[in-house]
Amino acid sequence: MTALGLDGDDLAACVQCGLCLPHCPTFRVTGDESQSPRGRIALMRAVEDGAPVTDDVLRSFTTCVQCRGCETACPSGVDYGRLMEGTRAALVGDLTPRWQRIALEPLRHPKVLRAGSAALARVPAGIRRRFGLPTDIPARQAPLEATGDDAWLFTGCVMDAWQRDVHAATIRVLAAAGVGVRPTGDTGGCCGALHLHAGLSDTARSMAGDVVAAVAGADSGDDGDDPAKVRPVLVNSAGCGAALKDYPHLLGTDAARAFSSRVFDVHEWLVDRVLPTVRPLDLRVAVQDPCHLRHVQRCHDAVRTVLTPFVAEIVELDDDGLCCGAGGQYSLLEPELAGAIRDRKVAAIDAVAPDVVVSANPGCALHLVAGGVAVEHPMTLIDRALHG
């Protein structure tokens, strides 16, 4: 057994060409080779060969945003995201402190998360802002109602607790396209993405298994015997969608493969559906591509396709889709680096001066809003255009 347990062929796939460097947010900010994908892979190789895991080595691994922008740029097809996940899992005792594990635990218990969010909403906004938390957490939210059984809407954990209005807008947009949906709610629970990124792979596998069993179980029976009647699972959070689509790798089961084949980002799903024609909103909109939509799911263009008829103009950011620095918990764990990465994104946004920025991921939206950017989810803009 090697020190990290990584696949030697995966490590050898990196030829150290450096084409990933311009696409790595931490290297762009620091200029430090150890803060780049090829530098981190070189350290992985060294540890596998018996080099000590020093504080500097650990720092290199903890500062990775796990945006996977390097994968899109890599001519050798290096599976960097899985190498980093394996590294973090092997070194979880050193990389993931006990307090972080405790902080992630409520995500597995929706009722506890909602109660905690309601309590957090009563904390003064200034204090929340100081700790990088959103200032507009709702204390109470209306429950989501099913509109039919054509599809599931995966509601997740933090997004359902803090941005349920986006789910409600998504349900209304899907209804306008003639698609009735059933929210997964507590049945589906959390996708486990944040746990996996933190190196808690066993916990993430357990959560993934729970999601697959819950949704598959709810679809069992008469409809479950006919593949044509098994409902697709639509997702409006890029990070959750990437995690759900990667369940076959995480779990390695036929059930996981069958489940993931049903998962679609909601914009990806709507590309082939017809929405009513309306007068476009008089808005100049910049699209911020969440990394896990652009580099993992690779369906980010669907956001533009679906959004175009509903806004006056879409403008592009001249930064090659570089990460905004949110990275799930990253903005809380590495506020200085996350802030420096965000500054680059804000500069790209300011250069095109949009009326609003759209982002199809809650973490990106919250991080950019904390940086003074006006951000909405694409579904909320389309819902506004459709329903006023």
side-chain contact (heavy atoms from CB on, under 4.5 Å) against A73, all qualifying residues, sequence neighbours excluded: H23

Stepwise side-chain contact (heavy atoms from CB on, under 4.5 Å) test for D160 and L113: CA-CA 10 Å; D160 190 45; L113 178 62; over 6 Å; no

Same cluster (ILVMFWY, side-chain, under 4.5 Å), I171 and V278: yes

side-chain contact (heavy atoms from CB on, under 4.5 Å) between T26 and R40, intermediate numbers included: CA-CA 11 Å; T26 51; R40 292 180 175 113; 3.2 Å; yes

Partner residues of R28 under the salt bridge (charged side-chain N to carboxylate O under 4.0 Å, His left out) criterion, sequence neighbours left out: none

Smallest separation among heavy atoms of C324 and L368, with atom names: CB-CD2, 4.2 Å

Presence of salt bridge, D265 and K245, under 4.0 angstrom: no

Of all pairs that satisfy salt bridge (charged side-chain N to carboxylate O under 4.0 Å, His left out), the ones with a partner from residues 349-374, not counting sequence neighbours: none

Point-to-point distance, once rounded to the nearest 0.5 Å, from CG of D79 to CZ of R68: 6.0 Å

Atom pair SG/NE2 of C70 and H295 - distance to nearest 0.5 Å: 8.5 Å

Under-4.0 Å salt bridge between R304 and D289: yes

Closest non-hydrogen atom pair, S260 against D246: OG-N, 4.5 Å

N-O pairing of D7 and R82 below 4.0 Å: no

Closest contact, heavy atoms only, L174 versus V181: CD1-CG1, 3.5 Å

Pi-cation contact, W162 with R164 (under 6.0 Å, within 45°): no

Nearest heavy-atom neighbours spanning V92 and A198: CG2-O, 3.9 Å

Main-chain N/O of M84 paired with Q66 side-chain donor or acceptor, under 3.5 Å: no

pair R88-T96: side-chain heavy atoms closer than 4.5 Å: yes

Linked, directly or transitively: V373 and V303 (ILVMFWY side chains, under 4.5 Å): no

For R108, all residues meeting salt bridge (charged side-chain N to carboxylate O under 4.0 Å, His left out), sequence neighbours excluded: none

ILVMFWY cluster, V212 and V235 together (side-chain gap under 4.5 Å): yes

Atom of L317, atom of A348 and distance for their closest heavy-atom approach: CD2-O, 3.8 Å

Side chain to side chain, T62 and L333, heavy atoms closer than 4.5 Å: no

Passing option when D319 is tested against R294, R342, K345 for salt bridge (Lys or Arg N to Asp or Glu O under 4.0 Å): K345

Joint cluster assignment, V356 & V352, ILVMFWY side-chain distance < 4.5 Å: no

D10 side chain near Y80 side chain, heavy-atom distance below 4.5 Å: no

side-chain contact (heavy atoms from CB on, under 4.5 Å) evaluation trace for V211 with F259: CA-CA 9 Å; V211 171; F259 172 83; 3.9 Å; yes

Atom pair CG/CZ of D150 and R182 - distance to nearest 0.5 Å: 10.5 Å

Where L386 and A176 come nearest, the two heavy atoms and their spacing: CD1-CB, 3.8 Å

side-chain contact (heavy atoms from CB on, under 4.5 Å) between S201 and R205, worked out: CA-CA 6 Å; S201 55; R205 274 189 285 272; 3.5 Å; yes

Lys/Arg-Asp/Glu bridge criterion (N-O < 4.0 Å) met for R231, D149: yes

Heavy-atom check, side chain of C191 versus side chain of M207, under 4.5 Å: no

For V78, the option from L11, I41, V15 that meets side chain to side chain contact (heavy atoms under 4.5 Å, CB included): I41

Any donor-acceptor pair under 3.5 Å from T184 side chain to T187 backbone: no

Under the ring-ring contact (aromatic ring centres under 6.0 Å, His included) test, residues paired with H267 that sit two or more places apart: H377

Donor-acceptor under 3.5 Å (Q288 side chain, V358 main chain): no

Rounded distance [0.5 Å steps], SG in C190 versus CD in E105: 10.5 Å

M159-L366 co-clustered via ILVMFWY side chain contacts under 4.5 Å: no

Minimum side-chain heavy-atom gap Y247-V263 below 4.5 Å: no

Candidate pair Q35 and T30, rule side-chain hydrogen bond (donor to acceptor under 3.5 Å, both in side chains), full reasoning: CA-CA 7 Å; Q35 305 294 304; T30 66; 5.2 Å; no

Heavy-atom side-chain proximity of L293 to N361 below 4.5 angstrom: no

Value rounded to 0.5 Å, distance of CZ in R344 from SG in C323: 12.0 Å

Salt bridge (charged side-chain N to carboxylate O under 4.0 Å, His left out) against R101, all qualifying residues, sequence neighbours excluded: none

Worked verdict on T203 versus H195 for side-chain hydrogen bond (donor to acceptor under 3.5 Å, both in side chains): CA-CA 7 Å; T203 303; H195 296 76; over 6 Å; no

Between T155 and H167, a side-chain donor and acceptor under 3.5 Å: no

CG on L19 to OG on S76, rounded to 0.5 Å: 8.5 Å

Salt-bridge criterion met for E334 and R59 (N-O under 4.0 Å): yes

L337 side chain reached by V29 side chain, heavy atoms, under 4.5 Å: yes

Sub-4.5 Å side-chain heavy-atom contact between E313 and V285: no

